Amino acid sequence: MVYRREIDGLRAAAVMPVILFHAGISLFAGGFIGVDVFFVISGFLITSIILEEMCDGTFSLAAFYERRARRILPALFLVILCCLPFAWLWIMPQEFRAFSDSLIATSLSGANFLFWFNSGYFAPEAGEVPLLHIWSLAVEEQYYMFFPLLVIFMWKRKRSWLFAVLVAIAFASLAYSEWASRVFPSANFYFLPSRAWEFLAGSICSFIQLKGQQRGSDPLSLLGFSMIAFSVFYFDETSSIPSTLALVPVVGTMLVLLFAQQGTMVAALLSTRAFIMIGKISYSAYLWHQPLFAFARIRSIDPPPITEMGVLACFSLVLGYLSWRFVEQPFRRVRHRLLPSRRGLALSASVILAALCAFGFYGHDTRGIPWRLPEPIKDFIADSEWSKTCLIESGSGWNAMPIKNCIFNSSHAQTYAILGDSLASALTPALARRLDGIDVGLEQITHSFCAPVADVSMVPLQARECGAFNAAAIDYLVKSKVKTVFLAASWQVFFGQSRYVFKDEEVATSDVRQRLRDAFDKTVSDLTSVGIRVVIVYPHPRGDTEIAAKVAKLMHKGMPAPTITIAQDEFLQQSSSSYAYLDEPKDRHVLRVDPAKIFCGIEMGRCDLAREGKAFIFDKVHFTPAGAEAVADEILVTLRRDDKVAENGVAVLSSSHF
């Protein structure tokens, strides 16, 4: 294939927006479309090489994969190995476990599946994921697995149909991406079926070039380059990419590939020394930039300033040059290259991939290798874990109630019950200890994803049995000797859904809110109608990051007693719809306990998620033991106040919130 300098320049025009986007420079809000440009270039080059060799009768599948391995693996292995010591020293266990998973997924060419499952590309925490950008490499590797096989198959059977088949697949993929961008936007972003048309757009350019049907054109190449530039500066994270909207940068790239021939203004720009050099090192620079940015964010107490990120962006180019010069080139050059034999290359790559997988499995199985951390950090994380004791998971069985071994302090004559989801499970140990002090036992009836509302469940698969579980639990409680029931759940999550299942009927209509309100009122009245006192534990402030891990990070960075807060107005906005539902039942046997009294108001306008080194929330939702103790104390105060009022013969009043 004839070398075209302007294609290296186009690589530079693709990689720099990606790097600057990940650096957080707002001007490049659409810089992520550089990946789409890369996919088109890759499709063009790979198809051109395969077609040339097919026509010459020299194509070898083994040689093709060897070239891809020499191109991709050496620099990738170098970057991953350089990430390991910094991850070992700086990353908290939960994130290290995720990092270990990314090692496995990267080794198996499945990083796009992992990151789709675990996090969104544009999520706030994505900036601290060192290998997040490898998702695009996984998509490319998956394309390399299938595309040559398709070409070989068509070449042997119906060579004249090959172009038409590729065009048909491209249009099918584009149509799929447009549909999936509305229905499955996250999967659409990460998966090959939605991206295949971008590679095939490059393939179409390759066929056109092979037939000699293109020539240089200043207007068309300028239009193409302008379309790419427009996408970089106009698109942002809300843009549906890939979809028909991605036709702007993709068609723009096609126009540059076809019409930016030498002699055009665009080719002259892209053929300058700076563009060509950055283009040559673009792959290595792409590999280096995200780990540099991620570890800078991980290690900084506050978000790194733009100046620091700009310096790191430049440093990624320096590292990119060094790894291109001393790693990529020695493995790829024809003469005197490293590991010259195909067998030696395959064996070496297999050993390294197996070692990365083994280390990844170890990191996953040990839950992030917590013993590598300093003793105070390790103890803090262990002491902050929330309780999963007696928490029923989906499909684990709950045929009989009371649930075996889930009644605490059962020697007492009187027993209360707590009904709810995993948040109720986190609260149970502290509440059981408090009730033990007043000679009361506690029965735990908790199921993950199951807010205590009879015959209603959220749509996710893990919640499929919640309606039946809650109905059975309430039926049992109504017939039991329990006279006080605590209802606790992640109310903001539950009441924030758009779709629910009511007795096996999935509903997403305008009347779902009233049906939900009626269902909750009925749950409460079913209990109070038989003389059971109901205590509703209200929503608590919650974070958008892992709170205990964030405290541990800050301690690890040298801040001895971190405080993590959110604005009180933000909490009120989070919980307003939940309050509307929970305030509704007016029965005099209903008490209300509001954790906001504990976590908010120490300073005006703020709510504390962690205070002076003590975390109240473990992840984003669940109480740490310290948080559960504080809420249990507030519950006990409310019970004693109610008991005292009842003893005096005065009507019981629900405690107010705020």
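Bear in mind that the values here come from a model prediction, so they are computed numbers and not experimental data. Quick note: numbers below take in every heavy atom, side chains included, and nothing from hydrogens, waters or symmetry partners.
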Q | salt bridge (Lys or Arg N to Asp or Glu O under 4.0 Å) contacts in which one or both residues fall within residues 90-107, not counting sequence neighbours | A | Glu95-Lys553

(Q) Taking Pro541's backbone N and O only, do any of them form a donor-acceptor pair with Gln574's side chain (distance below 3.5 Å, no angle check)? (A) no

Q.
Please report the interatomic distance CG(Asp619) to OG(Ser422), rounded to the nearest 0.5 Å.
A. 8.0 Å

Q. Do any N or O atoms from the side chain of Thr624 and from the backbone of Gly627 form a donor-acceptor pair under 3.5 angstrom?
A. yes

Q: Quick one: pull up CZ in Arg542 and CZ in Phe599 and give me the separation to the nearest 0.5 Å.
A: 13.5 Å

Q. How far does CG of Leu108 sit from CG of Leu103, to the nearest 0.5 angstrom?
A. 11.0 Å

Q. Do the non-hydrogen side-chain atoms of Leu487 and Val524 ever get within less than 4.5 Å of each other?
A. yes

Q. With a cut-off of 6.0 Å (strictly less than), are more than 12 heavy atoms of other residues, nucleotides or ligands near NZ of Lys483?
A. yes

Q: Taking His556 for its side chain and Leu89 for its backbone only, find out whether a donor-acceptor pair lies under 3.5 Å.
A: yes

Q. Between Pro304 and Met309, what is the shortest heavy-atom contact and its length?
A. CB-SD, 3.7 Å

Q) Atom CD in Gln444, atom OG1 in Thr428: separation rounded to 0.5 Å? A) 3.5 Å

Q.
Does either side chain, that of Tyr416 or that of Asn409, offer a donor lying less than 3.5 Å from an acceptor on the other one?
A. no

Q.
Using the rule ring-ring contact (aromatic ring centres under 6.0 Å, His included), only one of Trp135, Trp116, Phe115 pairs with Phe189; which is it?
A. Trp135

Q: Measure the acute angle between the ring planes of Trp90 and Phe295, then classify it against the limits of 30° and 60° as parallel, tilted or perpendicular.
A: perpendicular

Q: Report yes if some heavy atom in the side chain of Leu391 is under 4.5 Å from a heavy atom in the side chain of Trp386; otherwise report no.
A: yes

Q) Mind checking whether Phe502 and Val456 have side chains closer than 4.5 Å, heavy atoms only? A) yes

Q | Closest non-hydrogen atom pair between Ile91 and Phe96, with its separation | A | CG2-N, 3.2 Å

Q | Value rounded to 0.5 Å, distance of CZ in Phe359 from CZ in Phe99 | A | 7.5 Å

Q. Can Thr523 and Asn470 be said to form a side-chain contact (heavy atoms from CB on, under 4.5 Å), step by step?
A. CA-CA 9 Å; Thr523 299; Asn470 284 322; over 6 Å; no

Q: Output the distance between atom CZ (Phe495) and atom OG (Ser577), rounded to the nearest 0.5 Å.
A: 8.0 Å

Q. Any side-chain heavy atom of Arg434 within less than 4.5 Å of one from Asp633?
A. yes

Q) Is a side-chain donor or acceptor of Tyr500 paired with a backbone partner of Phe494 at a separation under 3.5 angstrom? A) yes

Q | Evaluation steps, side-chain contact (heavy atoms from CB on, under 4.5 Å), between Leu356 and Thr106 | A | CA-CA 9 Å; Leu356 291 176; Thr106 299; over 6 Å; no

Q) Looking only at heavy atoms, which two atoms of Pro402 and Ile407 are closest? And how far apart? A) CB-CD1, 4.0 Å

(Q) Counting C-beta onward and ignoring hydrogens, is there a side-chain heavy-atom pair between Asp436 and His412 closer than 4.5 Å? (A) yes

**Q.** Intermediate values then yes/no, side-chain contact (heavy atoms from CB on, under 4.5 Å), Leu477 and Met401
**A.** CA-CA 9 Å; Leu477 289 170; Met401 291 194 186; over 6 Å; no

(Q) If you apply the rule side-chain contact (heavy atoms from CB on, under 4.5 Å), what do you find for Ile369 with Trp88, and how did you get there? (A) CA-CA 9 Å; Ile369 320 180; Trp88 183 274; 3.7 Å; yes

(Q) Using ring centroids (six-membered ring only for Trp), state whether His289 and His22 fall under 6.0 Å. (A) yes

Q: Would you please indicate if the ring centroids of Tyr581 and Phe520 are separated by under 6.0 Å?
A: no

Q. Ion pair present between Arg533 and Asp643, side-chain N to carboxylate O less than 4.0 angstrom?
A. yes

Q. Does a side chain donor of either Glu393 or Ser448 reach within less than 3.5 Å of an acceptor in the other side chain?
A. yes

Q. Are the side chains of Asp421 and Phe449 in touch, meaning some heavy atoms are under 4.5 Å apart?
A. no

Q.
Can you give me the closest heavy-atom contact between Cys357 and Ser107, atom names plus distance?
A. SG-CB, 3.5 Å

(Q) If I compare all heavy atoms of Tyr190 with all of Val139, which pair ends up nearest, and what's the gap? (A) O-CG2, 3.2 Å

Q. Judged by atom type as modelled, is there a donor-acceptor pair below 3.5 Å linking the side chain of Thr563 to the main-chain atoms of Glu612?
A. yes

Q. For the side chain of Arg297 and the backbone of Glu128, is there at least one donor-acceptor N/O pair under 3.5 Å apart?
A. no

Q | Ion pair check, Glu629 and Arg433, cut-off under 4.0 Å | A | yes

Q | Mutual orientation of the aromatic rings belonging to Phe571 and Tyr579 [parallel < 30°, tilted 30-60°, perpendicular > 60°] | A | perpendicular

Q.
Looking at every non-hydrogen atom in both residues, tell me the closest pair between Leu609 and Ile566 and how far apart they are.
A. CD1-CG2, 3.7 Å

Q.
Between Gln497 (side chain only) and Val493 (backbone N and O only), is there a donor and an acceptor less than 3.5 Å apart?
A. yes

Q.
Is the shortest side-chain heavy-atom distance between Ser410 and Thr415 below 4.5 Å?
A. no

Q: Examine distances only and state if a side-chain atom of Lys557 and a backbone atom of Ser300 form a donor-acceptor pair shorter than 3.5 Å.
A: yes

Q) Do side-chain atoms of Ser102 reach the backbone of Ala111 as a donor and acceptor pair under 3.5 angstrom? A) no

Q: Inspect the contact between Lys522 and Asp518 and indicate whether a charged nitrogen and a carboxylate oxygen are less than 4.0 angstrom apart.
A: no

Q. Judged by atom type as modelled, is there a donor-acceptor pair below 3.5 Å linking the side chain of Glu308 to the main-chain atoms of Ala296?
A. no

Q.
Using side-chain heavy atoms (C-beta onward) and a distance below 4.5 Å, is Asn188 in contact with Val183?
A. no

Q) Taking the inter-plane angle between the rings of His540 and Phe623 on a 0 to 90° scale, is it parallel (under 30°), tilted (30 to 60°) or perpendicular (over 60°)? A) tilted

